[in-house]
Trainee: 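So that we are looking at the same thing, I have put the structure below in structure tokens.
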Number of protein chains: 2
Amino acid sequence: MVEERAVEDLTARARIRDAALRLFAERGMDGATIRDIAAEAGVSLGLVRHHFGSKEALRAACDEYASALSRQLLFEATKPTAMSSPSFLPEAHPTIVLLVRYLARSMSDGTAAASAMFDDGVALTEQWIERDHPNQFEDPKAVAVMMAAMHFGPLLMHNLVSAALGTDLLSTEGHIRSTKAYLEIYRHSWLTKDSAEAAKAAYDRLEEGETP
Amino acid sequence: MVEERAVEDLTARARIRDAALRLFAERGMDGATIRDIAAEAGVSLGLVRHHFGSKEALRAACDEYASALSRQLLFEATKPTAMSSPSFLPEAHPTIVLLVRYLARSMSDGTAAASAMFDDGVALTEQWIERDHPNQFEDPKAVAVMMAAMHFGPLLMHNLVSAALGTDLLSTEGHIRSTKAYLEIYRHSWLTKDSAEAAKAAYDRLEEGETP
DNA sequence: CAGTCCGCTGTACGTTCGTATAGGAGGGCG
DNA sequence: CGCCCTCCTATACGAACGTACAGCGGACTG
């Protein structure tokens with residue numbers, strides 16, 4: 001289980017980090033100002049600088065915190081079954097919503113946290129493929145990378161997905177609905193053997209000479 | 001085919017828009033300044049304001065341009081086969097790379113262009129499902145939305161995907177490799193009928209009473 | 001030829017941001 | 001008691017940004 005909050009984490013330093021995490025997630029790294037973060041945390045402007053030195057260092061602290069948390073959540077999410085477990089609901093872990101928003105932002109800002117999370121996702125997918133679906137793919141690395149990116153996609157676009165779905169993806173209801181959609185997607189056979197082999201042959205030919 | 005550039009588009013106004021598109025994509029909406037854009041376009045600061053009025057209006061113009069172009073590309077990409085066509089290579093359309101970068105940025109900035117592109121993707125996926133895989137899903141809307149998000153994922157994370165792959169996703173080589181990975185992913189049967197039904201039943205139960 | 005609109009430049013203004021610094025309240029220690 | 005260290009506030013400074021405005025040259029019109 002994810003520990004909701006450490007005891008010593010109620011210090012002003014932690015409050016600043018939490019406020020930064022929230023505002024960075026909402027408005028982006030440039031959009032959130034130190035003044036806003038200080039106000040959100042209920043402290044003065046100078047204290048932020050006193051504890052973190054600079055805005056860049058504050059961002060790095062948020063990154064480190066988000067990295068550790070996301071790693072914890074990611075490993076837990078892939079533990080019990082191939083799909084995420086039913087007990088793994090947004091209600092049970094309110095921090096998930098904040099974390100997803102922060103990491104979605106970090107993804108386009110190119111921070112280390114996003115990069116680390118993605119690499120973790122790829123590594124987990126690779127292990128999972130090697131364990132449960134070994135020797136099935138010509139390019140297992142590419143399959144793992146693409147699948148990782150495909151599974152992060154809905155999380156990064158959770159606002160657009162929620163709007164299109166009419167249900168907040170990061171709610172219990174949305175989680176159940178999306179997971180059931182995943183089940184339908186992965187249960188369906190999208191390609192016939194013929195069409196798959198034909199397409200594969202076409203791309204193999206394309207790969208040889210650039211002019212088919 | 002995608003027209004590479006309209007004739008009248010060589011005006012200073014178009015140069016400014018192109019420069020804005022490029023810098024917005026690279027540095028984000030806040031990171032790119034009007035001064036940088038003016039310098040990139042080789043014009044003065046005042047001319048940008050003369051043509052577009054404000055930075056927000058310039059962003060809107062970029063959005064409109066990107067929307068039209070992405071719609072054009074999206075419909076073309078899904079035209080010939082279920083997967084994207086071999087002729088649809090980054091080499092053939094250098095604008096794609098810029099467009100993907102811009103829209104990836106827009107996705108986290110929440111602009112109208114990103115929203116429109118996503119909705120287009122969902123609509124196309126819905127049509128495709130209804131045409132080629134009708135009456136196969138309990139919740140076709142959710143399937144379409146999730147699949148659209150899954151397919152945009154690698155594009156939004158193209159830099160991370162490229163790093164993990166060791167190949168630039170937005171190059172001809174990366175395009176071929178990722179498409180072949182897609183083929184492998186959609187050809188494979190990830191779930192046995194038993195495990196799929198068991199998971200489905202578990203989530204159905206979860207949906208009824210919140211306490212299984 | 002005079003008038004006028006359009007594309008374009010250069011400079012200046014007010015705001016906001018990150019950063020820096022001086023200083024105060026409170027507790028532990030010699 | 002005196003000192004200092006930690007946590008914290010308040011104020012100030014320089015830079016960068018979006019915006020605004022005055023003006024200049026060329027082309028087109030009458």
Side-chain angles (χ1 to χ4, degrees), chain A residues 5-65 102 105-106 108-113, chain B residues 5-65 102 105-106 108-113:
Chain A
R5 179 84 48 193
V7 214
E8 60 177 22
D9 243 15
L10 295 167
T11 62
R13 191 177 200 277
R15 286 212 318 278
I16 294 172
R17 176 176 42 62
D18 283 2
L21 212 56
R22 184 161 48 249
L23 289 187
F24 280 154
E26 281 177 13
R27 313 178 195 176
M29 215 63 70
D30 290 328
T33 71
I34 298 189
R35 284 169 174 82
D36 291 340
I37 293 171
E40 180 87 2
V43 298
S44 75
L45 170 67
L47 189 60
V48 178
R49 176 167 164 79
H50 172 71
H51 276 303
F52 294 94
S54 72
K55 189 181 187 179
E56 174 60 26
L58 175 58
R59 191 199 58 79
C62 288
D63 249 39
E64 193 177 356
Y65 182 75
Y102 177 81
R105 277 286 182 183
S106 303
S108 33
D109 290 339
T111 73
Chain B
R5 180 83 49 195
V7 219
E8 60 178 24
D9 244 13
L10 295 168
T11 62
R13 191 177 198 279
R15 287 211 318 278
I16 293 173
R17 178 178 38 64
D18 284 2
L21 212 57
R22 184 161 48 249
L23 289 187
F24 281 154
E26 282 177 13
R27 312 179 196 175
M29 215 64 69
D30 290 328
T33 71
I34 298 188
R35 285 170 173 83
D36 291 339
I37 293 171
E40 179 87 1
V43 300
S44 73
L45 171 68
L47 190 60
V48 178
R49 178 168 162 78
H50 173 70
H51 276 303
F52 294 94
S54 72
K55 190 181 188 181
E56 174 60 26
L58 175 57
R59 189 199 60 78
C62 287
D63 249 39
E64 193 177 358
Y65 182 76
Y102 177 81
R105 277 285 184 184
S106 303
S108 34
D109 290 339
T111 73

Trainee: Pick one: which of A:Ile37, A:Thr11, A:Ile34, A:Leu21 meets side chain to side chain contact (heavy atoms under 4.5 Å, CB included) with A:Ile16?
Mentor: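 The residue from A:Ile37, A:Thr11, A:Ile34, A:Leu21 that satisfies side chain to side chain contact (heavy atoms under 4.5 Å, CB included) with A:Ile16 turns out to be A:Ile37.
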Trainee: When you measure from the side chain of B:Lys55 to the backbone of B:Thr33, do you find a donor-acceptor pair of N or O atoms at a distance under 3.5 Å?
Mentor: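 Absent.
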Trainee: Tell me: CD1 of B:Ile37 to P of D:dC17, nearest whole Å?
Mentor: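 Computing the B:Ile37:CD1 to D:dC17:P distance gives 11 Å.
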Trainee: Let's see if you can work this out: which of D:dT9, C:dT19, C:dC17 has an atom nearest to the side-chain heavy atoms of A:Leu47?
Mentor: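 The answer is D:dT9.
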Trainee: Please pick, from C:dT19, C:dC17, C:dT9, the nucleotide with the shortest atom-to-atom distance to any side-chain atom of B:Val43.
Mentor: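 From the listed options, C:dT9 comes nearest.
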Trainee: Can you identify which nucleotide, out of D:dA20, D:dC8, C:dT9, has its nearest atom closest to the B:Arg49 side chain?
Mentor: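 Among D:dA20, D:dC8, C:dT9, the one nearest the side chain of B:Arg49 is D:dA20.
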Trainee: Checking contacts here: which listed nucleotide (D:dC7, D:dT19, C:dG7) is nearest the side-chain heavy atoms of A:His50?
Mentor: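 Closest nucleotide among those given: D:dC7.
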Trainee: Could you tell me whether the phosphate oxygens of D:dC8, OP1 or OP2, come under 4.0 Å of any side-chain nitrogen or oxygen in A:His51?
Mentor: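 For A:His51, the contact criterion (side-chain N or O under 4.0 Å from OP1 or OP2 of D:dC8) is met.
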Trainee: So does B:Arg59 pair up with B:Asp109, basic N to acidic O under 4.0 Å?
Mentor: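 Between B:Asp109 and B:Arg59 there is no salt bridge, as every charged N stays at least 4.0 Å from the carboxylate O atoms.
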Trainee: Starting from P on D:dC17, measure out to CG on B:Leu23 and report it in whole angstrom.
Mentor: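 It is 12 Å, rounded to the nearest whole Å.
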Trainee: When you check the gap from the basic side-chain N to the acidic O, do A:Arg22 and A:Asp18 get nearer than 4.0 Å?
Mentor: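 No, this pair does not count.
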Trainee: Within 45° of the ring axis of B:Phe52 and under 6.0 Å from its six-membered ring centre, is that where the NZ or CZ of B:Arg13 lies?
Mentor: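 Yes, B:Arg13 and B:Phe52 form such a contact.
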Trainee: Figure out the CG/P separation between B:Asp30 and D:dG18, and round it to whole Å.
Mentor: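 One finds 9 Å between P of D:dG18 and CG of B:Asp30, rounded.
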Trainee: Between A:Ile34 and A:Gly46, which has a closest nucleotide on DNA chain C that is more 5'?
Mentor: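 Closest to the 5' end, via its nearest nucleotide, is A:Ile34.
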Trainee: Choose from C:dT11, C:dG18, D:dT9 the nucleotide whose nearest atom is closest to any side-chain atom of A:Thr33.
Mentor: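 Among C:dT11, C:dG18, D:dT9, the one nearest the side chain of A:Thr33 is C:dG18.
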Trainee: Calculate the interatomic distance between A:Leu45 atom CG and C:dT16 atom C1'; express it in whole Å.
Mentor: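 After rounding, the reported distance stands at 12 Å.
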Trainee: Rounded to whole Å, how long is the line connecting atom CE of B:Met29 with atom P of D:dC17?
Mentor: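 Taking atom P of D:dC17 as the reference, CE of B:Met29 is at 16 Å.
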Trainee: Starting at atom CD of B:Glu56, determine the distance to atom P of D:dT19, rounded to an integer number of angstrom.
Mentor: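 Taking CD of B:Glu56 and P of D:dT19, I get 9 Å after rounding.
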Trainee: Let me know the distance between CZ of A:Phe24 and C1' of C:dG18, rounded to the nearest Å.
Mentor: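 So the CZ-C1' distance, A:Phe24 to C:dG18, works out to 12 Å.
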Trainee: Whether A:Arg35 contacts C:dT16 is assessed here as follows: a side-chain N or O lying under 4.0 Å from the phosphate OP1 or OP2. Is that the case?
Mentor: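 Answer is no, no contact under 4.0 Å.
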Trainee: Taking NZ from A:Lys55 and P from C:dT16, how many angstroms apart are they, rounded to a whole number?
Mentor: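 Distance, rounded to whole Å: 15 Å.
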